[in-house]
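See below for the structure under consideration.
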Amino acid sequence: MDPARAIIHLDMDAFYASVEQLDHPAYRGRPVVVGADPRDGKGRGVVAACSYEARPFGIRSAMPISRAYRLCPKAIYVRPRMARYAEMSDRIFAILRDYTDLVEPLSIDEAFLDVTASQRLFGPADAIGRTLKARIRSELGLVASIGLAPNKFLAKVASDLGKPDGFVVVAPGKEREFLDPLPIFRLWGVGPKTEARLKRLGLQTIGQIARMPVETLEAMLGGAGRDLWELANGMDDREVVPEQDAKSIGAETTFERDTEDREEIRRTILELSDRVGRRLRREGYLAGGVTLKFRDHLFRTLTRAAILDHPTDVGDDLFREAWKLLQRVSLAGNRVRLLGVTATRLLAAAEPPGGQMSLFRPTADPRRRLARAVDAIQERFGSDAIARASLVEASPARKGRKSGVKDSHSR
DNA sequence: TCTGGGGTCCTAGGACCC
DNA sequence: TCTGGGGTCCTAGGACCC
């Protein structure tokens with residue numbers, strides 16, 4: 001057996017809402033809801049994050065914003081400021097990397113750290129964990145919850161249980177004792193569907209799953225059954241992996257009102273394709289495939305995918321393919337709720353991303369050169385400085401629509 | 001209650017090849 | 001005329017996570 005590893009899971013408490021309270025002293029001590037515009041309870045969209053003061057009202061993240069509004073109309077409702085959260089995230093991750101290179105980001109505000117080897121330099125793992133919490137609080141004014149355990153799964157569950165401002169340690173040998181009484185939804189990979197299925201079989205706690213013959217679970221759930229059984233028994237040998245290549249890059253948007261307007265649909269697919277192209281170029285990828293996502297007024301979701309003849313990072317190419325894919329979706333009688341464009345089969349672009357050289361290479365595709373020139377102008381002067389004529393001359397209906405596809409991301 | 005936007009992973013079924 | 005078995009690749013859908 002390996003000597004016990006020391007894995008930390010760090011998760012920021014109410015991250016977006018906490019940053020808003022940090023930046024707006026008037027919000028402190030008050031219920032803050034970050035998410036879609038509630039529009040007097042008629043808005044679409046969900047709660048991205050809420051402060052702990054909002055929780056006694058029953059507000060939770062991922063809840064429809066209209067419901068949150070009914071529960072607490074007096075809360076402070078703000079739109080997400082992703083650029084600001086990303087900036088704070090960078091500072092958090094910089095602190096984490098002071099203690100180990102083995103930092104695996106799970107999201108903007110959550111990470112695993114393997115501090116097994118760090119202990120020689122920085123002392124025991126729980127001291128490292130306490131230092132991380134203290135530095136994030138004193139240097140950034142934000143609160144993190146931490147779980148420390150011999151593996152990723154246990155560390156994750158530990159940090160969740162301690163929230164907010166938690167610090168929970170699962171010592172080697174105490175895995176089963178810690179997990180046994182917990183409800184099954186705490187297992188990674190058990191969402192609402194699997195939870196309902198397991199409950200129908202009379203399974204309520206992780207301990208009950210741990211004590212079942214693994215073959216029974218395998219017969220019920222296939223390969224996932226063994227994974228669940230191992231997690232329930234506190235077994236998880238996944239490594240902390242610092243860098244992982246993206247497998248897809250996408251953008252999607254939900255219309256304020258379901259639409260059947262061909263022109264609006266076309267324009268939206270073009271905007272989404274441009275956004276994806278820009279990200280591909282910025283992050284140095286070429287797309288080998290495109291997927292179009294389509295959701296109708298009954299919330300039915302369809303996807304159609306294609307492989308490109310030539311990998312690309314140009315929005316026009318993505319658009320042309322996505323538009324072809326749309327023709328494969330039967331629109332008859334369907335109003336469109338959501339459209340999405342995703343670049344798949346990503347390859348690392350041979351040229352350095354954003355490199356000036358590419359502007360002068362005689363063999364470079366002129367549309368890629370144009371796209372990069374537009375990137376440079378937008379980088380320098382902002383995304384409103386230059387746009388496609390076909391998008392600028394968009395129908396008057398779009399005027400005053402503050403949550404346009406482009407705006408919502410660049411703000 | 002009426003469901004965002006960003007992703008990852010898994011599976012079933014069909015096409016195709018040997 | 002009826003037909004194996006293995007393998008790979010691809011698509012679409014869905015569960016799940018934050």
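A, B, ... follow the sequence lines: proteins, then strands. Residue 1 opens every chain.
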B:dT3 phosphate, OP1 or OP2: any side-chain N/O from A:R60 under 4.0 angstrom? no
Taking the cut-offs as 6.0 angstrom to the six-membered ring centre and 45 degrees off its axis, would you call A:R337 and A:F255 a cation-pi pair? no
Checking N1-N3 plus N6-O4 or O6-N4 for Watson-Crick, or N1-O2 and O6-N3 for wobble, each under 3.5 Å, the partner of C:dC18 is B:dG5
With a 6.0 Å cut-off (strictly less than), is the heavy-atom count around CZ of A:R30, excluding the residue itself, greater than 12? no
Is A:R337 close enough to B:dG4 that one of its side-chain N or O atoms is under 4.0 Å from OP1 or OP2 there? yes
Side-chain atoms of A:A305 come closest, of B:dT1, C:dA12, B:dC9, to C:dA12
Take atom CG in A:D101; do more than 12 heavy atoms of anything else shown fall under 6.0 Å from it? no
Presence of A:T303 side-chain N/O under 4.0 Å of C:dG13 phosphate oxygens OP1/OP2: yes
With P as the reference atom in both, quote the distance from B:dT1 to C:dC17 in angstrom, rounded to an integer. 25 Å
Check this one for me: any side-chain N or O of A:R304 less than 4.0 Å away from OP1 or OP2 of C:dG13? yes
N/O (side chain, A:T253) to phosphate O (OP1/OP2, B:dG5) under 4.0 Å: yes
Residue-phosphate contact under 4.0 Å: A:T254 side-chain N/O, B:dG5 OP1/OP2: yes
Determine: side-chain N/O of A:R295 to OP1/OP2 of B:dT3, distance under 4.0 Å, yes or no. no
With a 4.0 Å cut-off on heavy atoms, is A:I108 in touch with a base, just the backbone sugar-phosphate, or nothing at all? nothing
Less than 4.0 angstrom between a side-chain N/O of A:R345 and OP1 or OP2 of C:dC10, yes or no? yes
Would you measure the distance from the C1' atom in C:dG4 across to the matching atom in B:dC16 and give it in whole Å? 16 Å
Cation over ring, A:R97 on A:Y99, under 6.0 Å and within 45°? no
Is the base of C:dC17 stacked against the aromatic ring of A:W188, taking ring centres under 5.5 Å apart and planes under 30° as the test? no
For A:K293 and for A:S66, find the nucleotide of DNA chain B with the closest heavy atom, then tell me which residue's nucleotide is more 5'. A:S66
Reckon A:S107 has a side-chain N or O less than 4.0 Å from the OP1 or OP2 of C:dC17? no
Report which part of the nucleic acid A:S61 touches: base, sugar-phosphate, or nothing (heavy-atom distance under 4.0 Å, all strands). nothing
Would you please confirm or rule out a distance under 4.0 Å between OP1 or OP2 of C:dG13 and any side-chain N or O of A:T301? no
